[in-house]
Amino acid sequence: MDFKVIETKWQKFWEEHPELYLAKDESDKEKKYVLVEFPYPSGSGLHVGHAFSFTGGDVYARFKRMKGNNVMFPMGWDAFGLPTENYAIKTKRKPQEVTKENTDMFRSQMKRLAYSFDWSREVNTTDANYYKWTQWIFIELFKKGLAYKKEVPINWCPSCKTGLANEEVVDGKCERCGEGVERRTISQWVVKITEYADKLIDGLKETEFIEKVKQAQVNWIGKSEGARVKFKIKGRKEVLEVFTTRPDTLPGATFMVMAPEHEIALELARSKEDVREYLKIARSKSEMERTELSKEKSGVFSGLMAINPVNDKEIPIWISDFVLASYGTGAIMAVPAHDERDHAFAKKFGLPIVPVINVEGWDFEDKAMVEVEKGAEFMKMLDWVEDEGIGKRCSSYHLRDWIFSRQHYWGEPIPMINCPKCGWVPVPKTDLPVVLPEIEAYEPTDDGKSPLSKIDSFVNCKCPVCGGEAKRETDTMPNWAGSDWYFLRYIDPHNDTDIASAELMKKWMPVDVYIGGDEHNTLHLLYSRFIYLFLKDIGAVPKEISEPYFKRISHGVILGTDNQRMSKSKGNVIVPETVADKFGVDVLRLYLMFMGPFESTMAWNENTLMGVKRFLDKFNRFVIKHKKSLSDSSNKSKLIINKTIVGVDKDLENFSFNTVVAKLMEAVNEIDVISVEDLKKLVQLCAPLAPYLTEELWQSLGEDSSVHISEWPESNKEYLTEEVIQLPVAVNGKVKDKIEIEFARIAEKDYVDLLVSKSEKLKKILESNKIIREIYVPGKMLNLVVKENKG
RNA sequence: GCCGCUGUGGUGGAACUGGUAUACACGCAAGACUUAAAAUCUUGUGACCUCAACAGUCAUGUGGGUUCGAUUCCCGCCAGCGGCACCA
């Protein structure tokens with residue numbers, strides 16, 4: 001049978017019957033919200049990674065639909081972003097046009113691969129009707145004081161000409177283009193995600209993310225508990241405050257260190273030559289150099305002395321770039337006896353090392369004793385610090401506030417207006433969206449301003465508060481902004497008055513299963529959980545649904561045949577369309593699911609793919625051969641079919657697709673005589689994986705509606721037990737023989753013993769051995785513990 | 001350094017709640033059909049010992065432990081992968 005003919009035929013049929021895959025708002029059936037990460041529609045089309053992820057989601061969605069669930073399986077486009085902008089610049093075209101072309105291409109490729117998306121709910125982050133709500137969310141953040149403008153040293157990518165969030169800098173390089181990142185100070189919008197740090201940790205309890213994902217989130221937030229402690233500075237009014245997780249080591253604090261960006265350090269630089277010189281050197285180092293040169297410490301004495309509140313000793317305050325300005329208070333108390341970094345610093349600059357706890361055989365001049373347990377002294381010192389009023393308990397986080405401004409064209413305009421009289425004023429809801437104007441030149445500029453800043457008609461506006469002349473913000477939002485909340489918009493994609501109706505959100509939320517890549521397990525998941533928790537706090541989403549995603553499945557990665565990550569430069573890229581052209585969509589889908597466990601990394605292998613093709617051909621021949629069958633299934637076949645139903649059902653539920661395929665192969669290998677009725681069941685079991693072939697076969701078996709909305713077969717317990725089973729008999733734990741026994745009599749131990757006594761093999765063993773113990777697990781196995789007969 | 005994960009034939013990988021390890025597939029070998037090839041079908045295929053069969057021995061990274069019985073549970077080690085990392 002020619003797969004091309006079948007594909008064309010059924011694709012047309014499905015196109016004419018979109019109702020097959022619609023999620024129904026008014027249905028009483030149990031809902032199932034299956035979400036796959038929406039793609040960035042790049043110019044190169046769907047790649048294997050997409051196909052793998054979407055096929056997994058599609059198989060699950062189809063399975064659930066046949067099981068009688070009201071399934072929501074939507075798709076959309078995360079279409080803002082640099083590649084489109086760069087491509088538009090290069091080809092002198094409009095990003096809007098390019099995006100349209102790319103999404104059209106993606107959509108048609110997806111339809112060909114038979115993904116059962118509900119296309120009536122399609123969203124696109126670059127639609128003004130969509131980003132209106134992205135902008136609205138930003139305004140709400142601003143109103144709650146969670147978005148603020150700040151002069152911040154940012155990571156500037158000289159190649160992309162934009163600021164980057166800390167999260168987008170990998171090893172000191174731009175995550176996107178790999179260019180070394182520079183430090184610049186620019187006025188930026190910043191979102192206080194840190195305010196939600198604890199909620200983001202606690203909320204994980206409400207989810208069923210796998211441990212890996214939960215840990216990644218917890219580590220990223222990086223909570224540590226301790227105290228802030230104030231140190232007096234000799235001869236000055238201000239104090240130097242530090243954060244420490246170990247107040248019990250206060251007596252061992254023999255010096256202090258400030259980050260070069262610390263206010264006091266900056267002030268001293270004005271009057272002290274050596275401080276000024278050091279700050280200059282520190283600033284010239286990139287973030288990467290600072291962390292790379294971790295072994296060798298550098299620093300300068302500030303000239304100031306602090307007072308250790310525990311013993312009133314004067315201790316020197318140093319300035320060093322090993323202390324981070326962005327963590328804690330930007331200054332530390334150094335306890336060289338109990339911290340490796342402080343120890344290294346003390347050794348280098350000849351500062352005293354005073355142990356707090358004495359450990360036998362420890363040479364504190366040689367190394368720091370770090371692993372000291374928090375004991376009673378810890379609590380005592382914490383209380384003391386609070387009683388004396390020199391500090392208080394608090395937590396500190398690795399998580400930083402989220403830099404939200406980008407200096408690019410192709411993103412959501414930040415809907416803020418700067419009025420000389422009123423300051424920053426949000427655009428009123430009624431004026432949303434702030435539409436991205438279609439302009440001629442998209443080139444980013446070196447001065448750190450978005451191309452929008454050159455469009456006077458966009459920039460100049462009236463202040464919504466006082467009506468005076470004002471100017472619009474010209475920065476745009478980061479890529480994450482549109483993808484933070486898209487799962488809400490699918491629920492009610494055409495709503496003009498709200499993000500989505502509360503009633504519908506109550507019906508559909510939370511997302512039951514969210515399928516995506518490992519690369520989004522930290523940032524995207526954290527950002528979108530944050531936005532959801534925020535929307536919940538302001539009452540924009542139902543408060544009874546505590547977390548947006550219930551379960552997260554992170555699919556694996558498909559490597560090239562050379563076991564390397566696919567990349568154009570390596571020439572090992574597999575294009576799903578090409579595979580589909582050659583072998584058909586069903587083969588591609590089935591192969592992707594059969595390669596290995598859904599969550600693991602696997603290499604592409606054409607041999608295995610041929611095996612899958614062979615199976616589908618065989619399956620097709622098998623159905624055709626038996627479809628005129630007039631006889632009932634044999635007992636053996638009945639058993640196989642019912643076992644297969646149970647197994648496939650369970651494995652699909654657990655996303656164990658590779659074993660589903662194996663079970664179907666087994667069934668086809670083993671079945672001898674089969675009735676048409678049972679044959680249909682087999683076709684149904686295969687339907688989620690191979691939608692085209694099964695639709696064709698389903699029809700050829702006399703059905704006239706789609707197999708994909710047929711009712712999932714149920715197993716019949718009556719046929720699930722074998723009449724005769726092979727009972728393994730082990731001697732001292734090793735299987736020596738198998739005895740045939742009627743299933744109905746497995747509980748009769750006497751009968752089992754009788755059978756054992758008839759086995760030649762066992763007889764032989766028992767001649768020279770004596771049974772000292774028997775363990776019988778009815779139906780499972782019999783274990784004889786024996787001892788050699790002596791004499 | 002910290003956190004998480006993985007380790008099973010020549011290969012991808014199965015194995016429920018501690019109960020027949022190696023399902024399914026690939027590859028390989030032999031055979032059938034064919035002028036031939038492809039396709040298809042049949043048989044065999046963990047290692048060692050044996051002409052072969054029977055029997056036996058050893059095998060789930062490694063060393064121990066618990067157990068009648070361990071790929072599965074516990075402890076130690078080794079190797080690899082992923083995330084975080086001068087976070088006080």
Side-chain angles (χ1 to χ4, degrees), chain A residues 171 210-224 226 242-246 249 253 256-257 259 290-297 320-324 326-335 338-342 344-345 370 396-400 518-519 521-522 554 557 591 594-597 599-612 614-615 617-618 621 647 650-651 656 658-669 725-738 761 764 771-777 779-786:
Chain A
D171 291 334
I210 52 167
E211 200 50 30
K212 173 171 90 165
V213 177
K214 287 190 182 181
Q215 281 307 320
Q217 302 242 319
V218 169
N219 287 346
W220 191 265
I221 296 166
K223 181 176 184 169
S224 354
V242 301
F243 172 75
T244 176
T245 53
R246 298 305 298 260
T249 63
M256 300 184 78
V257 189
R290 273 206 197 181
T291 50
E292 258 190 359
L293 301 169
S294 58
K295 287 159 214 151
E296 195 62 17
K297 297 270 185 290
S320 170
D321 63 6
F322 86 85
V323 173
L324 304 174
S326 47
Y327 183 74
T329 62
I332 61 157
M333 65 177 212
V335 185
H338 299 288
D339 183 283
E340 276 175 30
R341 296 152 303 177
D342 298 351
F345 196 85
V370 182
S396 188
Y397 304 87
H398 293 189
L399 185 70
R400 306 286 150 82
D518 269 339
E519 70 275 21
N521 281 342
T522 349
S554 67
V557 178
Y591 169 64
F594 186 58
M595 288 178 86
E599 309 202 9
S600 69
T601 300
M602 301 154 293
W604 189 267
N605 182 331
E606 188 121 330
N607 283 330
T608 306
L609 184 125
M610 288 310 295
V612 169
R614 238 170 270 165
F615 166 69
D617 289 344
K618 190 171 171 183
R621 283 198 308 271
K650 190 168 139 244
D651 289 352
S656 176
N658 54 332
T659 54
V660 170
V661 180
K663 283 179 173 119
L664 291 169
M665 287 171 166
E666 249 172 295
V668 171
N669 286 345
I725 63 161
Q726 303 280 322
L727 180 76
V729 182
V731 175
N732 289 342
K734 287 186 179 178
V735 177
K736 293 292 176 185
D737 199 12
K738 289 162 196 173
K761 279 186 201 169
K764 211 167 156 190
I771 298 177
I772 53 174
R773 198 175 158 191
E774 288 183 51
I775 291 104
Y776 181 52
V777 186
K780 288 272 165 130
M781 83 140 43
L782 172 67
N783 191 13
L784 305 173
V785 185
V786 304

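Naming convention: chains lettered A, B, ... in sequence-line order (proteins, then strands); numbering from 1 in each chain. Any value given below was found using the heavy atoms of this structure, including those in side chains, with hydrogens, waters and symmetry copies removed. Here the structure is a predicted model, which is why all the values come from computation and not from measurement.
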Pairwise C1' distance, U11(B) and G18(B) [rounded to whole Å]: 30 Å
Tell me which nucleotide among C68(B), U20(B), A25(B) gets nearest to the side chain of N783(A). C68(B)
Using whole Å, report how far NZ of K736(A) lies from C1' of G19(B). 17 Å
G69(B) phosphate, OP1 or OP2, under 4.0 Å from R773(A) side-chain N/O: no
Supply the atom-to-atom distance K761(A) NZ to K764(A) NZ, rounded to the nearest 0.5 angstrom. 10.0 Å
Kindly say if N669(A) contacts the phosphate of A25(B), meaning a side-chain N or O under 4.0 Å from OP1 or OP2. yes
Output yes when a side-chain donor or acceptor of N521(A) lies under 3.5 Å from a complementary backbone atom of V213(A), and no otherwise. no
Let me know, please, whether A216(A) or G222(A) comes out on the 5' side of the other along RNA chain B by nearest nucleotide. A216(A)
Quick one: does L664(A)'s side chain get under 4.5 Å of F594(A)'s, heavy atoms only? no
Check the interface with nucleotides 28-32 of chain B: list each N/O to N/O pair with the protein under 3.5 Å, or write none.
none

How many angstroms lie between atom CD1 of I332(A) and atom OH of Y327(A), to the nearest 0.5 angstrom? 12.0 Å
Stem segments of RNA chain B by first residue number [Watson-Crick or G-U, under 3.5 Å, at least 3]: B:1-7 with B:78-84, B:10-12 with B:24-26, B:27-32 with B:40-45, B:46-48 with B:56-58, B:61-65 with B:73-77
Regarding V777(A), tell me which of base, sugar-phosphate or nothing describes its non-hydrogen contacts under 4.0 Å with the strands shown. base
I need the minimum non-hydrogen distance between D342(A) and V335(A), along with the two atoms involved. OD2-N, 2.8 Å
Here the distance between atom C1' of C41(B) and atom CZ of F615(A), to the nearest Å, is 17 Å
Is a donor on one side and an acceptor on the other found under 3.5 Å between the side chain of D339(A) and the backbone of A334(A)? no
Please determine whether a side-chain nitrogen or oxygen atom of K761(A) lies at a distance below 4.0 Å from atom OP1 or OP2 of A55(B). yes
Rounding to an integer number of angstrom, what distance separates G83(B) and G76(B) when you compare their C1' atoms? 26 Å
Ignoring hydrogens and angles, tell me if any N or O in the side chain of N658(A) forms a donor-acceptor pair with the backbone of M595(A) under 3.5 Å. no
Rounded to the nearest 0.5 Å, what's the gap from CG on D737(A) to CD on Q726(A)? Could you check? 9.0 Å
Determine the Euclidean distance between corresponding P atoms of A14(B) and A23(B); express it in Å to zero decimal places. 13 Å
Take atom C1' in U62(B) and the same atom in C78(B), then report the distance between them in whole Å. 7 Å
Rounded C1' spacing from G4(B) to A88(B) in Å: 24 Å
From CG of L784(A) across to C1' of U20(B) the rounded distance in Å is 14 Å
Hey, which sits more toward the 5' end of RNA chain B by its nearest nucleotide, D617(A) or K734(A)? D617(A)
Side chain of N219(A), heavy atoms from C-beta onward: which of C3(B), G69(B), C86(B) has the nearest atom to it? C3(B)
When we call it a touch if two heavy atoms are under 4.0 Å apart, what does M665(A) touch: a base, just sugar-phosphate, or nothing? sugar-phosphate
G69(B): syn or anti, per glycosidic angle within 90° of 0: anti
Using a 4.0 Å heavy-atom cut-off to protein, can you give one letter per nucleotide of nucleotides 5-15 of chain B, 5' to 3': B if the base is in contact, S if only the sugar-phosphate is, - if neither? -------BSS-
Separation of the C1' atoms in A15(B) and U71(B), to the nearest angstrom: 8 Å
Where do M333(A) and M256(A) come nearest, in terms of heavy atoms and distance? CA-CG, 4.3 Å
Considering just the side-chain nitrogens and oxygens of R614(A), establish if one lies under 4.0 Å of OP1 or OP2 belonging to A25(B). no
Once rounded to the nearest 0.5 Å, what's the spacing between atom CG of N732(A) and atom CG of L784(A)? 8.5 Å
Test item: Y591(A) side-chain N/O and E606(A) main-chain N/O as donor-acceptor pair under 3.5 Å: no
Can you tell me, in whole Å, how much space there is between the C1' of C68(B) and that of U20(B)? 16 Å
Quick one: is C41(B) close enough that its OP1 or OP2 comes under 4.0 Å of any side-chain N or O from R621(A)? yes
Could you work out the separation of G61(B) and C24(B) based on their C1' atoms and round it to a whole Å? 25 Å
Does N607(A) get its side chain close enough to the base of C26(B), under 3.5 Å, for a donor-acceptor pair? no
Atom pair CZ (R400(A)) and CD1 (I221(A)), whose distance is rounded to the nearest 0.5 Å: 13.5 Å
